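Worksheet: the structure to be examined is printed underneath.
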Number of protein chains: 2
Amino acid sequence: MGQGTRLSASDEKVLEPLLQHVQSAESGRDLEVEGLSSRSLVLVLDGWACRYKQLEDGRRQIISLFVPGDLSEPFGTLPSLKDSSIGALTPVTYARLQPEELQRIARENAGIHQALWWDLLVTMSMQDERVVSLGRRSASERLGHLFCELCARLDLVGLAEGNTFDMPMTQADLGDLLGLSTVHVNRSLQELRGSGLISLRNRRLIIHDVEELGAISLFDPAYLHVGNGLPASQPGRSTS
Amino acid sequence: MGQGTRLSASDEKVLEPLLQHVQSAESGRDLEVEGLSSRSLVLVLDGWACRYKQLEDGRRQIISLFVPGDLSEPFGTLPSLKDSSIGALTPVTYARLQPEELQRIARENAGIHQALWWDLLVTMSMQDERVVSLGRRSASERLGHLFCELCARLDLVGLAEGNTFDMPMTQADLGDLLGLSTVHVNRSLQELRGSGLISLRNRRLIIHDVEELGAISLFDPAYLHVGNGLPASQPGRSTS
DNA sequence: CGTTTTCTTGACAGGGATCAACACTAGTGG
DNA sequence: CCACTAGTGTTGATCCCTGTCAAGAAAACG
């Protein structure tokens, strides 16, 4: 999932039964709360959500972002990534899946199985790249890098028109995601606007010069693994 | 792997054949280089290594740390985490594994299979926690948090004596791992020493007050998932 | 419309980076 | 055993990126 484009039409049909428990949540609500022992998976259908951790003193860090098509836990079955919460950044429509159900389907369907491994791979790669951003990129580089990544991700699910797309995150949310204060996000954003690289009005982002924005933020799309197919082998699939 | 303690003696025996291709590398050398298409897995037997990315302008970010017992790629088979390099932080002895080989063993041995999933889970949890550190913790909090984590990890593989253990990383390495400059690492280290929380001489670290160090760095060991067994179900293992 | 959230701006403080020496330590070879 | 060298640790001085506080403008919303 993540990039469902990789799934064939018949694959998608297999997933339909999963979409029985469709729910929705308003912006700011939690879909899953930290520490809850029994957790289900969340497949975001519409809106943006995130996984985050909150420190005792209130500091908050968003760990990963979910746009439509994204699955909350890579491979849909690491039930113990539960020391973080899942929150809605906008009003969200989502399907709540039972891990066992997804596992059963994956077992019976090679395409789905591969797609899940691919999703896991991309998720981890993005996580790596986020570490690089937080550790070594400046504020505006982080923003530029994020926008380039989002443009690519949203394009895969048909939510980007060229280099324009909806970016419904609040500046405070961006700060929590990129490890910056709200005020500094605002100023860095203006810097990017000032250079003519982007426009951001009414929650709509236009990247005027993707090449240049990617260059200044040291963005190398390789880590998203789009275009290249699946890696040769995946483990765990013992039935042929 | 990761925390091999979870493996029974018979499990360990199964792994022995993997240890045929044992190699070693001097400090600073790369075990695997970014971009190389065919990669094998690295199981660290002795010494410390890391996975890192280097930006075009020279900035370097260490993404994860490998101590003895650690496997370079979670589940041993995400061959495309290859846009990063693996480097030796100290002289390292390691086994080079073929992904297919490990997969075969995992398929035939439930214990190994579970251990690999557990390793993947812990790896991802640590990665999450690193994101929180880089995004929201101050310099000395990051150091304190790292030391607490290391103490727990090394203890699992018998490399910690109480709260004392070898910490062979250079201050420059620490900077690259925690997103700080070398100089600032030095100063933050002195701050921790000054508070009487730690001693660090001759590459040997003593944590004098783990409780306190954990408290000031907002360290919550839950994410390491030690003590609690494996989560109820793992995917991908379709043969019973 | 008023109310609340979000966005902007300014002034100021501070954590952390950078540059540049200098002190140690350890390994090298004579 | 003693220079000699290279890498690492330590310090000081200085700069600047980013955080904090606070208040006003602009949107979003019921």
Side-chain angles (χ1 to χ4, degrees), chain A residues 26-29 47-48 55 57-61 87-91 133-144 146 166-195 198-205 216-217, chain B residues 26-29 48 55 57-61 87-91 133-146 166-195 198-205 216-217:
Chain A
E26 337 167 14
S27 177
R29 284 281 172 290
W48 290 29
L55 300 180
D57 63 358
R59 281 177 278 181
R60 175 183 188 240
Q61 177 65 44
L89 296 172
T90 69
S133 270
L134 292 172
R136 290 306 186 200
R137 275 187 257 258
S138 72
S140 33
E141 288 171 340
R142 291 180 210 180
L143 282 166
L146 173 68
D166 286 323
M167 217 298 299
M169 292 180 76
T170 273
Q171 294 186 358
D173 292 334
L174 285 172
D176 286 343
L177 175 64
L178 301 177
L180 301 167
S181 70
T182 307
V183 175
H184 201 61
V185 166
N186 183 296
R187 296 197 160 113
S188 307
L189 236 26
Q190 293 183 46
E191 194 183 316
L192 291 178
R193 281 193 273 242
S195 332
I198 65 165
S199 296
L200 179 53
R201 297 192 311 281
N202 287 35
R203 300 287 163 84
R204 193 153 180 83
L205 181 74
I216 69 146
S217 53
Chain B
E26 335 168 15
S27 176
R29 285 279 173 290
W48 290 29
L55 301 181
D57 63 358
R59 281 178 278 182
R60 177 184 187 236
Q61 177 66 43
L89 295 172
T90 69
S133 271
L134 291 172
R136 291 304 186 201
R137 276 187 258 256
S138 72
S140 35
E141 289 172 340
R142 291 180 210 181
L143 281 166
H145 190 274
L146 173 68
D166 285 323
M167 216 298 298
M169 292 180 76
T170 273
Q171 294 186 356
D173 292 334
L174 286 172
D176 286 342
L177 176 65
L178 302 176
L180 301 167
S181 71
T182 307
V183 175
H184 200 60
V185 167
N186 184 296
R187 295 194 163 117
S188 307
L189 236 26
Q190 293 182 46
E191 194 184 316
L192 291 179
R193 280 192 274 240
S195 333
I198 66 164
S199 295
L200 178 53
R201 298 190 312 279
N202 289 35
R203 303 284 163 86
R204 195 155 180 81
L205 181 74
I216 69 146
S217 51

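Values below: all heavy atoms of this structure, side chains included; hydrogens, waters and symmetry mates excluded. Worth saying up front: this structure is predicted, and the values here are computed from it rather than measured. Numbered from 1 within each chain, the chains take letters A, B, ... in sequence-line order.
For the pair L189(A) CG and dT6(C) P, the computed distance is 15 Å after rounding to whole Å. Atom CZ in R201(B) sits roughly 11 Å away from atom P in dT10(D) (whole-Å rounding). The CD atom of E191(A) sits 10 Å away from the C1' atom of dC17(D) (whole-angstrom rounding). Per the geometry, CG belonging to L89(A) stands 11 Å off P belonging to dT6(C), to the nearest Å. dG19(D) atom P lies 13 Å from atom CG of L174(A), rounded to whole Å. Taking atom CD on E26(B) and atom C1' on dT28(C), their separation rounds to 15 Å, with Å as the unit. One can place CG of L180(A) at 11 Å from P of dT20(D), the figure rounded to the nearest angstrom. Nucleotide dT5(C) holds its P atom 19 Å from the CE atom of M169(A), rounded to whole Å.
Checking S140(A) against R203(A), the closest nucleotide of DNA chain D that is more toward the 5' end is the one next to S140(A). Each of T170(A) and V185(B) was matched to the nucleotide of DNA chain C holding its nearest heavy atom; the match closer to the 5' end belongs to T170(A).
Within the structure, every side-chain polar atom (N or O) of S181(A) is placed at least 4.0 Å from both OP1 and OP2 of dT20(D). Between R193(A) and the phosphate of dT8(C), there is a side-chain N or O to OP1/OP2 separation shorter than 4.0 Å. Within the 4.0 Å cut-off from OP1 or OP2 of dG9(D), not a single side-chain nitrogen or oxygen of Q190(B) is found. Contact annotation: Q171(A) side-chain N/O to dT8(C) OP1/OP2 distance is under 4.0 Å.
Counting heavy-atom neighbours within 6.0 Å of R29(B) CZ, excluding the residue itself, gives a total of 12 or less. Around atom CG of N202(B), no more than 12 heavy atoms belonging to other residues, nucleotides or ligands sit under 6.0 Å away. Within a 6.0 Å sphere centred on CZ of R204(B), other residues, nucleotides and ligands contribute more than 12 heavy atoms.
Of the candidates dA22(D), dG16(C), dG9(D), the closest approach to any side-chain atom of N186(B) belongs to dG9(D). Side-chain atoms of A139(B) lie closest to dG16(C) of the nucleotides dT18(D), dA20(C), dG16(C). Checking dG19(D), dA13(D), dT8(D) against every side-chain atom of R187(A), the shortest atom distance belongs to dG19(D).
Residue G179(A) is classed as a sugar-phosphate contact, given heavy-atom separations below 4.0 Å to backbone atoms only. Across all strands, S138(A) comes closer than 4.0 Å only to sugar-phosphate atoms, never to a base (heavy-atom distances).
Here the closest heavy-atom approach between residue R137(B) and residue L55(A) is recorded as NH1-CD2, 4.1 Å.
Between R136(A) and D176(B), at least one side-chain nitrogen of the basic residue sits less than 4.0 Å from a carboxylate oxygen of the acidic one, meeting the salt-bridge criterion.
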